[in-house]
Amino acid sequence: MPVPSDRAATSEYSRSARVLPLVYTGVALAAAQLPPLFPPRFPGMVAPTWYATAVVTGVLAMVVWARPTTRRSAVLCLGWLQAVLTLGNAFVVGGGMAMFCTWLSIPVLALLAGRIGVKARKALLATHVITSAAWLGLGVMFVAMSVVAWTTTEIETARVTYELMVVFDIALLPIANFAASLAGIGLGLTTPWGLMRYYWVAIKFFIPPVILLMAFAFLHSTLESAAEQAARLAETGRTVAQIDTAADVVFWGFGLAMLLLLVAMLLSLYKPGGKTRRGQRLAAPRRPHASRARGNRMVLDV
Ligand code: HEM
């Protein structure tokens with residue numbers, strides 16, 4: 001399906017592009033004061049990285065509010081810098097809060113970038129499709145492993161399967177979730193699809209956070225408890241039948257996550273539902289006095 005056509009471009013930054021760096025500056029300053037959500041890999045680097053992020057987003061906010069005609073390349077440099085700092089904080093330093101803040105940082109960059117060229121869009125789309133497909137593949141693998149662990153009569157097989165699932169659950173699933181959703185958000189904000197303009201995109205937008213919420217709320221802890229029970233039973237020479245309800249919770253939990261990913265995949269391919277009310281409103285022709293062209297920058301909104 002071709003990308004829908006966009007309405008006439010104007011030059012100023014959208015309200016979202018101006019407000020989001022301000023919001024993120026506040027969030028970064030607050031995050032520097034708060035204790036980490038999870039034990040970081042480099043604890044001494046969490047606060048300095050947050051302060052550096054706050055400085056960059058603060059400068060960015062000043063530029064887009066006070067000097068909106070600043071060269072696009074300079075603004076984008078700052079945009080990339082805050083994105084790299086946030087991604088580094090999240091996935092290298094290990095700051096748990098930064099992981100969630102990537103959902104703010106990437107929109108900041110995408111809104112500043114505006115409409116991207118065909119080549120850049122193809123690269124972003126390829127990243128999104130590859131990471132989404134990898135995530136769905138991991139989902140299928142997790143369901144298969146939970147079936148093996150649940151139905152096996154060998155306690156050793158159950159133990160090894162749950163231990164592998166615990167490791168993959170920490171090492172692979174969050175990366176797949178963030179990579180697919182961030183590339184998706186980047187695509188939405190840099191193309192006329194937007195995030196809340198079409199039903200198929202708007203529904204997909206909520207699927208990665210819902211899966212992440214399930215993982216943090218109960219799936220990961222249930223998986224760990226099943227692995228512990230299997231290890232204890234294996235040590236004392238008992239049978240797999242004694243693993244309690246954890247086994248079915250693991251199966252149904254990962255099963256539901258896989259179904260949601262399947263829904264996301266089908267929504268992407270069939271693109272049902274058309275435009276949301278917001279999409280229709282934004283597509284309506286603008287009144288002449290509402291468009292204030294200055295320069296050649298494009299206004300983008302969610
Ligand atoms: C935050 C969540 C997501 C957002 C905002 C999002 C957004 C988008 C957008 C805007 C496109 C159209 C790109 C274009 O044509 O330029 C797209 C394509 C696609 N998305 Fe997502 N997506 C998200 C999550 C997912 C997930 C979880 C999956 C699957 C597991 C997925 C699978 C796909 C696929 C396969 C395409 C290519 C469709 C095609 O080109 O026909 N997306 N997504």
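When a ligand or atom number is given, it counts from 1 through the structure's own listing order.
At a heavy-atom distance under 4.0 Å, no atom of L136 approaches ligand 1. Within the 4.0 Å heavy-atom criterion, the part of L195 lying near ligand 1 is the side chain and not the backbone. Counting heavy atoms closer than 4.0 Å to ligand 1, residue W200 contributes side-chain atoms (C-beta onward) but none from N, CA, C or O.
Residue S181 has no N or O atom closer than 3.5 Å to an N or O atom of ligand 1. Looking at ligand 1, you won't find any N or O of T191 less than 3.5 Å from one of its N or O atoms.
Within the 4.5 Å cutoff, the side chain of F142 has no heavy atoms near those of the L172 side chain. Residues L282 and R278 have side chains in contact (heavy-atom distance under 4.5 Å, counting atoms from C-beta outward).
In this structure, of R121, H128, R197, the residue bringing a heavy atom nearest to atom 22 (N) of ligand 1 is H128.
Between the side chains of W103 and S181, at least one donor N or O lies within less than 3.5 Å of an accepting N or O. When only modelled atom types and interatomic distance are considered, T53 and Q82 share no side-chain donor-acceptor pair under 3.5 Å. Counted by atom type alone, Y24 and T86 present one or more donor-acceptor pairs between their side chains at under 3.5 Å.
Counting atoms of ligand 1 from 1 in the listed order, those under 4.0 Å from a heavy atom of V129 are 36 (C), 37 (C).
For CE of M214, the number of neighbouring non-hydrogen atoms (other residues, nucleotides, ligands) closer than 6.0 Å is greater than 12.
Metal site remark for atom 21 (Fe) of ligand 1: K204 contributes an N, O or S atom at a distance under 2.8 Å.
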